[in-house]
Amino acid sequence: MSMLSERQKEELQKSILEYLHANNFTDAFNALKADTGLEYTPDPKGKYVGLLEKKWTSVIRLQKKIMDLENRNAALQEELSLSPAKRASLQTDWVPRAPAAYVLTGHRNQVTKVAFHPTFNLLASASEDATVKIWDWETGEFERTLKGHTRSVTDVSFDSRGNLLVTCSSDLFIKIWDVQNEWKNTKTFSGHDHSISCVRFMPGDQQIVSASRDRTIRIWDVASTHLVRTITGHSDWVRWVEPSDDGRLLASCSNDQTARIIDPQTGETKVELRGHEHTVEVVAFAPLAAYAAIRELAGIPNTERSKRAGAYLVTGSRDKTIKLWDTQSGQMLRNLAGHDNWVRALIFHPTGKFLLSASDDYTIRVWELATGRCVKTVQAHGHFVTCLAWGRQAPSQSGGEAAKTNGAGDGHQEVEKFVNVVASGSVDQTIKIWLP
C-alpha cells in the first residue's frame with residue numbers, strides 16, 4: 001500500500017466499504033470498518049457510489065488503449081527507420097508538387113520527349129538538338145549523349161525489359177540502341193517519307209510502330225528491320241501512336257483533328273473519334289486500374305466489369321481540352337477543360353485515380369478521374385511543357401498486365417511496383433525530375 005498517499009488510501013478504503021455495503025456484505029463491511037477505524041456512513045448520493053467498479057473498468061479500457069498506441073508507435077517507428085526513398089514508395093497517392101527535385105540541363109534545344117528505363121534509375125531524353133541524353137534520375141547526374149540522328153529527335157522509348165531503346169527523328173530514320181552494349185546504334189529503319197513524330201515497341205517487343213507527317217502509321221519487324229505494314233487513314237500529319245497493353249489495338253491522332261482506334265493486324269480503322277476542334281497532339285489508353293474511376297465519372301453502371309485492355313482512351317489537343325472516349329462505341333464520355341493553351345502530354349497515375357496533363361501554359365495539371373475535377377496545378381517550367389513520363393514498373397509490363405487481367409484482387413500489388421517519380425521536358429531546354 002506504500003504507493004498510495006494517505007488521502008488515496010482513505011479513498012480506496014471508503015470505495016471498498018461502499019462496494020461491500022451496496023452488495024450487502026454486512027459482516028465484511030463491519031470488519032473492514034473496525035480494522036481501519038474509518039468513520040464511514042454509506043450515502044446513496046455520495047462520491048463513493050460505484051467508484052470502485054468505475055476505476056476497475058477504466059483500468060481495463062486504458063490498458064487496451066495503451067496497447068493500441070504502442071502498436072501504432074511501433075509501426076510509425078518502423079516507417080521512420082525506412083530510407084526516404086522507401087518511405088516515398090509507400091505513398092500510393094503521390095502526385096508531383098513544386099519545386100522539382102532536379103533540373104537537368106545540357107540539351108541545346110527544346111526537349112521533345114522523356115522515357116524512363118523500366119528497371120534502372122535511368123531516364124532518356126530526346127531533343128531538337130538531334131541528340132538523346134541519358135540521365136540518372138535518382139541523383140540528377142548526366143550519364144551520356146547518344147549521337148546518330150542528324151535532325152530533331154522527336155521520340156524515345158524503351159522496350160519492356162529495358163534492353164533496347166528506340167528513337168525517331170525528322171531525319172526520316174528510326175534507330176534502335178543497345179542498352180547492354182554501350183548504347184550502340186545497332187539498327188536503323190527507313191521508309192517514312194516525312195518527319196517521324198512517334199515510335200513505340202509493340203507488346204512482346206518483336207515489332208515497333210511509328211507515326212509520321214507522311215500521314216501513315218508503320219509497323220516494323222525489329223529483328224530484320226523490315227516493314228511489316230503501312231496503315232493509312234489519317235488525312236494529315238500523324239502525331240502520336242500508342243498500342244493497347246495487349247497489343248490488339250492502336251490509338252493514333254493527327255492534325256486532321258481526329259483520333260483513331262486501329263486494328264494493327266489488318267490496319268483497318270475500327271473507330272474514328274471526332275470532337276476536337278484543332279490538331280490532336282496526344283493519345284493515351286487508360287490502364288485497367290483506372291476503369292472503376294472512369295465508369296464512375298461517366299455514369300456507366302457497375303454491371304460493366306470488363307477487363308478488356310484499351311476500353312477507354314484520353315486525347316489531348318491544341319483546342320486546350322482533354323477528352324475521354326469509349327473506344328468501342330466511339331462515344332465521348334467527358335471533356336476536361338482547364339488548360340489555357342495546347343495540351344501536349346497525358347499520363348495516368350499508377351493507382352488509376354488521377355490523370356496528369358502537360359501543356360503549353362507552362363503547367364502540369366492533376367485531374368481526379370472519378371469526378372473530372374482538376375485537383376492540382378503545378379507551375380512546372382519557364383516555357384511550354386512538351387512531355388511527361390511516370391516511373392516505369394518492373395519487371396516486364398506485358399507480364400504485369402496479364403497478371404492484372406486475372407482479377408481485380410491483383411490490382412493492389414501492381415500499384416506497389418510503380419516508382420513515384422515523374423519527369424517533364426520543356427521548350428526551356430530542361431528536364432525536371434519530380435520526387436516525393
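Each residue takes its place number in the sequence, starting with 1. Computation of the quantities below employed the complete heavy-atom set of this structure, encompassing side-chain atoms and omitting hydrogens, waters and symmetry-equivalent molecules. In this text the structure is predicted, and so the values were computed from the model without any measurement.
No side-chain donor-acceptor contact under 3.5 Å links Thr150 to the backbone of Asp171. Put simply, the side chain of Thr154 gets close to the backbone of Ile196: a donor and an acceptor are under 3.5 Å apart. Without hydrogens or angle criteria, Arg229 side chain to Gly267 main chain gives no donor-acceptor distance under 3.5 Å. A donor-acceptor distance shorter than 3.5 angstrom exists from the side chain of Arg218 to the backbone of Gly191, with no hydrogens or angles considered. Side chain of Ser317 to backbone of Thr279: a donor-acceptor contact under 3.5 angstrom is found. Listed for the Thr327 side chain is a donor-acceptor partner under 3.5 Å among the backbone atoms of Ala311. Counting only distance, with no hydrogens or angles, the side chain of Tyr291 and the backbone of Arg308 share a donor-acceptor pair below 3.5 Å. In this structure a side-chain-to-backbone donor-acceptor pair under 3.5 Å is missing from Lys113 to Val153. Judged by distance alone, with hydrogens and angles left aside, the side-chain atoms of Ser212 form a donor-acceptor pair with the main-chain N or O of Ser195 at under 3.5 Å. No donor-acceptor pair under 3.5 Å is formed between the side chain of Asp159 and the backbone N or O of Phe201.
For Val421 against Ile433, the heavy-atom pair with the smallest separation is CG2-CG2, 3.8 Å. Counting all heavy atoms, side chain and backbone alike, Lys54 lies closest to Thr57 at O-OG1, 3.1 Å. Ile294 and Leu333 get closest at one heavy-atom pair: CG2-CD1, 4.3 Å. Considering all non-hydrogen atoms of both residues, Ala223 and Lys187 come closest at O-CE, 3.4 Å. When all heavy atoms of Val111 and Gly425 are compared, the pair lying nearest together is CG1-CA, 4.0 Å. Among all heavy-atom pairs drawn from Asp319 and Glu277, the shortest one is OD2-N, 2.9 Å.
Two residues are said to be in side-chain contact when any heavy atoms from C-beta on lie closer than 4.5 Å; Val427 and Tyr362 fail this criterion. Leu435 places a side-chain heavy atom less than 4.5 Å from the side chain of Trp137. Using a 4.5 Å cut-off on side-chain heavy atoms (C-beta onward), Leu336 and Leu355 make contact. A heavy-atom distance below 4.5 Å is not found between the side chains of Thr315 and Thr321. Using a 4.5 Å cut-off on side-chain heavy atoms (C-beta onward), Ser157 and Ile208 make no contact. Using a 4.5 Å cut-off on side-chain heavy atoms (C-beta onward), His339 and Thr363 make contact. Side-chain contact check for Ile231 versus Ile219: some heavy-atom pair is nearer than 4.5 Å. When side chains are defined from C-beta on, Trp434 counts as touching Ile364, because their heavy atoms get closer than 4.5 Å.
Atom-to-atom distance recorded for Asp214:CG and Trp237:CH2 is 11.0 Å, nearest 0.5 angstrom. The structure places CD1 of Ile431 at 9.0 Å from OG of Ser424, a figure rounded to the nearest 0.5 Å. Remark: Ile174 CD1 to Ser169 OG distance equals 10.0 Å, nearest 0.5 Å. Atoms CG and SG, on Leu346 and Cys387 in that order, are 12.5 Å from each other to the nearest 0.5 Å. Taking CD1 of Ile347 as the start and CZ of Phe354 as the end, the distance is 13.0 Å to the nearest 0.5 Å. Here Arg318 contributes atom CZ and Asn255 contributes atom CG; the two are 5.5 Å apart, rounded to the nearest 0.5 Å.
Under the side chain to side chain donor-acceptor pair (under 3.5 Å) rule, His149 has a single partner from Thr188, Asp129, Thr167, which is Thr167. Evaluated for a side-chain contact (heavy atoms from CB on, under 4.5 Å) with Lys432, the options Val385, Val378, Val103, Val114 yield exactly one hit, Val103.
Atom NZ of Lys320 has 12 or fewer neighbouring heavy atoms from other residues, nucleotides or ligands inside a 6.0 Å radius. Residue Glu272 places its CD atom among more than 12 non-hydrogen atoms of other residues, nucleotides or ligands, all under 6.0 Å distant. More than 12 heavy atoms of other shown residues, nucleotides or ligands fall within 6.0 angstrom of atom CZ in Arg144.
Under a 4.0 Å N-O distance rule, the pair Arg72/Asp68 does not qualify as a salt bridge. Arg200 has a carboxylate O that lies under 4.0 Å from a charged side-chain N of Asp155, or vice versa, which qualifies the two as a salt bridge. A salt bridge is absent between Lys184 and Glu182; no separation between the charged side-chain nitrogens and carboxylate oxygens falls under 4.0 Å.
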Residues Val179, His117; criterion side-chain contact (heavy atoms from CB on, under 4.5 Å); working and verdict: CA-CA 10 Å; Val179 177; His117 190 281; 4.2 Å; yes
Trace of the ring-ring contact (aromatic ring centres under 6.0 Å, His included) decision for Trp94 with Trp390: CA-CA 12 Å; Trp94 176 82; Trp390 195 287; 5.7 Å; yes
Stepwise side-chain contact (heavy atoms from CB on, under 4.5 Å) test for Ile261 and Phe285: CA-CA 10 Å; Ile261 302 296; Phe285 279 112; 4.3 Å; yes
Full working for side-chain contact (heavy atoms from CB on, under 4.5 Å) between Thr112 and Glu128: CA-CA 7 Å; Thr112 52; Glu128 285 195 2; 3.8 Å; yes
side-chain contact (heavy atoms from CB on, under 4.5 Å) between Thr351 and Asp93, worked out: CA-CA 7 Å; Thr351 60; Asp93 283 355; 3.9 Å; yes
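Identified under the ring pair (Phe, Tyr, Trp, His ring centres under 6.0 Å) test for residues 206-230, with sequence neighbours left out: Phe189-Trp220, His192-Trp220.
Side-chain contact annotation: Lys147 with Thr131, donor-acceptor N/O pair under 3.5 Å absent.
Residues satisfying the side-chain contact (heavy atoms from CB on, under 4.5 Å) test with Asn23, not counting sequence neighbours, are Tyr19, Phe25.
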